[in-house]
Amino acid sequence: QVQLVESGGGSVQAGGSLRLSCAAFGSTYSTEYMAWFRQAPGKEREGVAAISTGGRRTAYSDSVKGRFTISQDNAKNTVYLQMDSLEPEDAAMYYCAATPVWSGYTPPLVGGRYNYWGQGTQVTVSS
């Protein structure tokens with residue numbers, strides 16, 4: 001079992017930056033693959049970035065590629081999402097997710113592949 005705790009959300013103007021953190025507590029085996037998802041009101045959940053904490057492979061959605069960066073600190077069992085050049089369309093609740101296994105090479109951006117989820121942190125972007 002693993003517990004995921006997100007932090008770092010807040011309000012920012014368009015063009016600004018935020019860094020989200022996801023701290024994992026419990027079995028580190030369960031956090032071999034970690035990802036960030038977001039969901040805005042009335043919209044479907046979207047996978048935005050994922051990382052394999054062992055191999056450090058990453059994946060990004062087209063909507064954030066070049067603006068967001070996912071990284072990890074294994075010593076702290078924490079994954080980060082650096083969000084730059086934020087746009088109003090990035091406003092959403094952001095969730096951290098983790099899973100111990102994935103058969104593919106690139107970390108998945110599909111929510112169904114993840115077993116553990118955090119409670120979310122809100123990001124608001126004003127124009």
Side-chain angles (χ1 to χ4, degrees):
Q1 292 290 334
V2 63
Q3 181 184 11
L4 304 175
V5 179
E6 304 100 332
S7 61
S11 297
V12 65
Q13 288 191 328
S17 298
L18 283 174
R19 189 177 80 156
L20 306 183
S21 299
C22 174
F25 301 92
S27 170
T28 56
Y29 166 77
S30 298
T31 58
E32 181 63 24
Y33 298 89
M34 296 185 72
W36 287 96
F37 290 78
R38 67 185 181 186
Q39 188 166 21
K43 295 187 176 181
E44 292 188 356
R45 183 176 60 191
E46 175 190 15
V48 296
I51 188 167
S52 68
T53 58
R56 299 190 179 231
R57 295 184 296 274
T58 59
Y60 296 92
S61 67
D62 289 343
S63 60
V64 307
K65 197 173 296 182
R67 300 188 298 120
F68 290 12
T69 303
I70 190 169
S71 63
Q72 65 191 68
D73 184 335
N74 284 343
K76 297 181 179 179
N77 216 16
T78 299
V79 168
Y80 304 97
L81 185 67
Q82 177 66 42
M83 305 186 296
D84 298 319
S85 303
L86 282 162
E87 303 168 353
E89 293 74 21
D90 295 316
M93 184 71 80
Y94 282 72
Y95 298 91
C96 177
T99 188
V101 294
W102 169 241
S103 60
Y105 180 81
T106 302
L109 288 174
V110 177
R113 301 295 184 183
Y114 291 87
N115 304 100
Y116 304 101
W117 293 81
Q119 293 299 307
T121 185
Q122 183 70 44
V123 172
T124 303
V125 184
S126 58
S127 57

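- In this view, E89 satisfies the salt bridge (Lys or Arg N to Asp or Glu O under 4.0 Å) rule with no residue, not counting sequence neighbours.
- Residue pairs satisfying the disulfide bond (SG atoms under 2.5 Å apart) criterion with at least one member in residues 64-94, sequence neighbours excluded, are absent.
- For K76, the salt bridge (Lys or Arg N to Asp or Glu O under 4.0 Å) criterion is met by no residue, not counting sequence neighbours.
- A side chain to side chain donor-acceptor pair (under 3.5 Å) check over residues 5-19, counting only residues at least two apart or in different chains, returns the pairs S17-D84.
- Sequence neighbours left out, not one pair with a member in residues 24-76 passes disulfide bond (SG atoms under 2.5 Å apart).
- Here the shortest heavy-atom pairing between A50 and P108 reads CB-O, 3.4 Å.
- Residues L109 and Y60 come closest through the heavy atom pair CD1-C, 3.7 Å.
- Taking both residues in full, the closest heavy atoms of A98 and S30 are given as CB-O, 3.7 Å, listed atom of the first, atom of the second, then distance.
- Other cluster members for V110: none, since no ILVMFWY side-chain heavy atom sits under 4.5 Å from it.
- Atom-to-atom distance recorded for T53:OG1 and Q72:CD is 5.5 Å, nearest 0.5 angstrom.
- The line from CZ of F68 to CG of L20 is 8.0 Å long, rounded to the nearest 0.5 Å.
- Checked against ring-ring contact (aromatic ring centres under 6.0 Å, His included), Y114 has the following partners two or more places apart in sequence or in another chain: F37.
- For residues 38-86, no pair satisfies disulfide bond (SG atoms under 2.5 Å apart), with sequence neighbours left out.
- Applying the side chain to side chain donor-acceptor pair (under 3.5 Å) definition to pairs two or more places apart or across chains, those involving residues 97-107 are T99-N115.
- For E32, the side chain to side chain donor-acceptor pair (under 3.5 Å) test picks out no residue, with sequence neighbours left out.
- Within 6.0 Å of the CD atom in Q119, the count of heavy atoms belonging to other residues, nucleotides or ligands does not exceed 12.
- The structure places CZ of R45 at 9.0 Å from OH of Y95, a figure rounded to the nearest 0.5 Å.
- For R67, the salt bridge (Lys or Arg N to Asp or Glu O under 4.0 Å) test picks out E87, D90, with sequence neighbours left out.
- Sorted by first and then second residue, the disulfide bond (SG atoms under 2.5 Å apart) pairs with a member in residues 50-127 read C22-C96; sequence neighbours excluded.
- Taken from CG in L81 to CE in M34, the straight-line distance is 11.5 Å, to the nearest 0.5 Å.
- Between the CE atom in M93 and the CZ atom in R38 there is a gap of 14.0 Å [rounded to 0.5 Å].
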